[in-house]
Amino acid sequence: MQLFEQQTLQISNSLSGKKDIFKPIKEGYVGMYVCGPTVYSNVHLGNCRTFMSFDMIFRYLKHLGYKVRYVRNITDAGHLENDADDGEDKIAKKAKLEQLEPMEVVQRYTVDFHETLQQFNFLPPSIEPTATGHIIEQIEIIKEILKKGFAYEANGSVYFDVIKFNKTNDYGKLSGRKLEDMIANTRALAAQDEKKSPQDFALWKKAEPQHIMRWPSPWGDGFPGWHLECTAMSTKYLGDTFDIHGGGMDLKFPHHECEIAQAEASTGHSPVNYWMHANMLTLNGKKMSKSTDNNIYPNEIFSGENSILSKPFSPSVVRFFMLQAHYTSILDLSNDALLASEKGFYRLMEGLKNLETITASGTTTDFDIPAWQQRCYDAMNDDFNTPILISHLFEAVKHINLIKEGKESISQKDKDVLQNIVNTFVFDVLGLENQKESSGNTKTLSGVVDLLIQLRNNARANKDFATSDKIRDELLELGIQLKDGKEGTTFTLN
RNA sequence: GGCAUCGUGGCCGAGUGGCUAGGCACAGCUCUGCAAAAGCUUGUACAGCGGUUCGAAUCCGCUCGAUGCCUCCA
């Protein structure tokens, strides 16, 4: 019996506008697609938050026993600077700017993306397809949409006919917009001549002679529209209708709306059962954005080299900080918030360490572990509520510490159970790492510090406090903090 | 202007028609040669104004404010 048979998972569905009970199309299997990055610059922390939310979701679904096929694409072509006639591919533009081959740009920032995500301890997706690797599939979809009459060719480009589509389908159902309103509110934009309506979007764009990224097609040399690649790659690997489609909130309109339109136009039915949107990470109260320069890069956080930061923060601390907020809420990044999360994170890690060392005794436990365990599952089942899960983990820490102080007791059996649950949620589901322990060179260092601790304890025994305080204070200056406890002195690196 | 979301104690951030979120900070206590660290304990907040209700921070309406999307962005 799998865990998912005992737990009822509810998911916030942007399409229905409420929390829906999750029921996969095929029992035991989940197909999940998440819109990946456009690799024309380094991934910033806001991008990371979205992918982290879905990493956590991927982890929990796997933990529940689902066989998950998680597809997250790399957009390496087709992402236009804007939708006007002079629209240029982002990758191509960057390549021109840096005098690189477009694929050189793609490679550089794809590597950066992977390295960054690895530092945050992301699980790799099952498939990571690229847009340029699926040009043929995209052309096939365009042909199908043309055949169904929901697109038209104009001067070597192909556009999706939104107004016609809206007569039989509902364009705007995901984002809660009405086509009439959109038309009424459209500002007069120049150079939209090819399109029948400003709301129409490109499926295929004709490549002007100076364009370096181009592919042959039935409509001449060109490149695919941005929205199309996700339709092509998601349906290719997950089927015409699949379970979960995720992405950042900012993609809801027009990107995801267009994906729905493309899929419905080509296959005749809705592509996705559960649309999930992760909310934005803000900086100074504003959305992080590549185009406005209001952003911060992961490496700046890890090194502390940014004017808003007072010190560096480890990837796990940042991960913990993000998971302390619900993925559907806006989260604002600040030095104070990171400092608070860091303290909390180390408290949690200390609790886990204490759990290993406490001694079990007797047959009773002053802590209802099965009920507590179910509360942990209830939190995650309620739309992946990691902040609540974390609050329960701190409740466990409290009991662990009380046991350590001898004020409560735990049986050996319960201790084993508790250890198993806590480790599962902290490391497997939340994906946190105890990075302090895993750094290299620690063996030599701990030998040296232990020696100094011995010398200091000798001095203390002789009431030579001048010497003992000198050792303590000078180590602290070096970033090594001694901690005098009941069972001797330990140290941590600050 | 349109659509959407949100406004919670010093800070971050959950949740909810009546019952303790949690973390950080502050304070008190324990421990300590003194500290630090650690641990324990404590906090009755929900933008404003109306309304529904036995009861609302939670539902409805209005006002104010913030953010996102409407053009590329996770």
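In what follows, chains carry the letters A, B, and so on, assigned in the order in which the sequence lines appear, proteins first and then strands, with residues in each chain numbered from 1.
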Enquirer: If the C1' atom of B:rA35 is compared with that of B:rU30, how far apart are they to the nearest Å?
Expert: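 Each nucleotide's C1' atom is 15 Å from the other's.
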
Enquirer: Could you work out the separation of B:rA45 and B:rU58 based on their C1' atoms and round it to a whole Å?
Expert: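 Roughly 14 Å separates the two C1' atoms.
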
Enquirer: Under 3.5 Å for both donor-acceptor distances, Watson-Crick or wobble: does B:rA45 have a partner, and if so which one?
Expert: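 Looking at the geometry, B:rA45 pairs with no nucleotide.
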
Enquirer: Select base, sugar-phosphate, or nothing to describe what A:Asp473 touches, counting heavy atoms under 4.0 Å on all strands.
Expert: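 No contact.
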
Enquirer: At under 4.0 Å, does any side-chain N or O of A:Arg347 touch on OP1 or OP2 of B:rC40?
Expert: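 For B:rC40, OP1/OP2 do have a side-chain N/O of A:Arg347 under 4.0 Å.
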
Enquirer: Say you pick atom C1' in B:rG43 and the same atom in B:rA27; how far apart are they, in whole Å?
Expert: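 Per the computed distance, 10 Å lies between those C1' atoms.
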
Enquirer: In whole Å, I'd like the distance from the CG atom of A:Asp382 to the C1' atom of B:rA21.
Expert: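 It works out to 13 Å between those atoms.
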
Enquirer: If you draw the axis of the six-membered ring of A:Phe321, does the NZ or CZ of A:Arg49 fall within 45° of it and under 6.0 Å from the ring centre?
Expert: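 No, A:Arg49 does not lie over the aromatic ring of A:Phe321.
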
Enquirer: Do A:Phe384 and A:Phe58 have ring centroids that are under 6.0 Å from one another?
Expert: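 A:Phe58 vs A:Phe384: aromatic centres not under 6.0 Å.
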
Enquirer: Looking at every strand, decide which applies to A:Ala325 at a 4.0 Å heavy-atom threshold: base, sugar-phosphate, or nothing.
Expert: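 Counting heavy atoms under 4.0 Å across all strands, the contact made by A:Ala325 is with sugar-phosphate only.
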
Enquirer: For a side chain to side chain donor-acceptor pair (under 3.5 Å) check, start with the C-alpha distance between A:Ser289 and A:Asn294, then their side-chain angles and the critical distance, and finish with the verdict.
Expert: CA-CA 6 Å; A:Ser289 163; A:Asn294 185 54; over 6 Å; no

Enquirer: Quick one: is B:rA74 close enough that its OP1 or OP2 comes under 4.0 Å of any side-chain N or O from A:Lys287?
Expert: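 So the side chain of A:Lys287 is outside the cut-off, no N or O lying under 4.0 Å from OP1 or OP2 of B:rA74.
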
Enquirer: In whole angstrom, what separates A:His256's NE2 from B:rG68's C1'?
Expert: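 Rounded to the whole Å, the gap is 15 Å.
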
Enquirer: Any side-chain N or O of A:Ser329 under 4.0 Å from OP1/OP2 of B:rU5?
Expert: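 Indeed not, no polar side-chain atom of A:Ser329 lies that close.
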
Enquirer: Please figure out whether A:Arg456 or A:Ile330 has its closest RNA chain B nucleotide nearer the 5' end.
Expert: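 Whichever sits nearer the 5' end wins; that is A:Arg456.
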
Enquirer: In whole angstrom, give me the gap between the P atoms of B:rC40 and B:rG48.
Expert: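 About 34 Å, rounded to a whole number of Å.
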
Enquirer: Name the nucleic acid region contacted by A:Lys286, choosing base, sugar-phosphate or nothing; use a 4.0 angstrom heavy-atom cut-off, strictly under.
Expert: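 Here A:Lys286 touches the backbone only, sparing every base.
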
Enquirer: Starting at the 5' end of RNA chain B and moving along, which residue's nearest nucleotide shows up first, A:Lys252 or A:Leu281?
Expert: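 Closest to the 5' end, via its nearest nucleotide, is A:Lys252.
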
Enquirer: Rounded to whole Å, how long is the line connecting atom CE of A:Met380 with atom P of B:rG22?
Expert: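 Computing the A:Met380:CE to B:rG22:P distance gives 19 Å.
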
Enquirer: May I have the distance from A:Leu476 (atom CG) to B:rA35 (atom C1'), rounded to whole angstrom?
Expert: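 That distance rounds to 11 Å.
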
Enquirer: Rounded to whole angstroms, how far apart are CZ on A:Phe321 and C1' on B:rG22?
Expert: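 It is 15 Å, rounded to the nearest whole Å.
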
Enquirer: B:rC54 and B:rA66: how far apart are their P atoms, nearest whole angstrom?
Expert: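 Between the two P atoms, the distance is 38 Å.
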
Enquirer: What is the separation between atom NE2 on A:His227 and atom P on B:rC72, rounded to the nearest whole Å?
Expert: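 Going from NE2 in A:His227 over to P in B:rC72 covers 7 Å.
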
Enquirer: Under 4.0 Å between a side-chain N or O of A:Asn385 and OP1 or OP2 of B:rG15?
Expert: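 Yes, A:Asn385 has a side-chain N/O under 4.0 Å of OP1/OP2 on B:rG15.
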
Enquirer: Roughly how many Å is it from NZ in A:Lys398 to C1' in B:rU41, rounded to a whole number?
Expert: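 Taking atom C1' of B:rU41 as the reference, NZ of A:Lys398 is at 9 Å.
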
Enquirer: Taking only the C1' atom of each, what is the distance from B:rU44 to B:rU20 in whole angstrom?
Expert: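 Result for the C1' pair: 10 Å, nearest Å.
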
Enquirer: Within the 4.0 Å heavy-atom criterion, would you say A:Phe394 contacts the bases, only the backbone, or no part of the nucleic acid?
Expert: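 If one applies the 4.0 Å heavy-atom cut-off, A:Phe394 turns out to touch the sugar-phosphate alone, with no base involved.
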
Enquirer: Rounding to an integer number of Å, can you tell me how far A:Met249 CE sits from B:rA66 C1'?
Expert: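 After rounding, the gap between these two atoms is 15 Å.
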
Enquirer: Over all strands shown, is A:Gly285 touching base, sugar-phosphate only, or nothing at heavy-atom distances under 4.0 angstrom?
Expert: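 The residue A:Gly285 makes sugar-phosphate contact but no base contact.
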
Enquirer: Under 6.0 Å from the six-membered ring centre of A:Phe313 and within 45° of its axis: does the NZ or CZ of A:Lys311 meet both?
Expert: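 Judged by the rule (NZ or CZ under 6.0 Å from the ring centre, within 45° of its axis), A:Lys311 counts as positioned above A:Phe313.
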
Enquirer: Parallel, tilted or perpendicular: which describes the rings of A:Trp226 and A:His255, with under 30° parallel and over 60° perpendicular?
Expert: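 If you compare the ring of A:Trp226 with that of A:His255, the planes turn out parallel.
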
Enquirer: If I pick the C1' atom on B:rG2 and the same atom on B:rC11, what distance separates them, to the nearest angstrom?
Expert: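 These two C1' atoms come out 35 Å apart once rounded.
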
Enquirer: May I ask you to establish whether A:Arg72 and A:Phe51 are in a cation-pi arrangement, using a distance under 6.0 Å from NZ or CZ to the six-membered ring centre and at most 45° from the ring axis?
Expert: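 Satisfied, under 6.0 Å and within 45°.
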
Enquirer: With a 3.5 Å cut-off and just heavy-atom distances, do the side chain of A:Asp332 and the base of B:rG13 make a donor-acceptor pair?
Expert: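 For A:Asp332, whose side chain was compared with the base of B:rG13, there is no donor-acceptor pair (under 3.5 Å).
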
Enquirer: Under the 3.5 Å rule, do the base of B:rC69 and the side chain of A:Arg177 count as making a donor-acceptor pair?
Expert: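 Under the 3.5 Å cut-off, the side chain and the base do form a donor-acceptor pair.
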
Enquirer: Considering only atom C1', compute the distance from B:rG10 to B:rU42 and round it to an integer number of Å.
Expert: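 Rounded to whole Å, the distance is 16 Å.
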
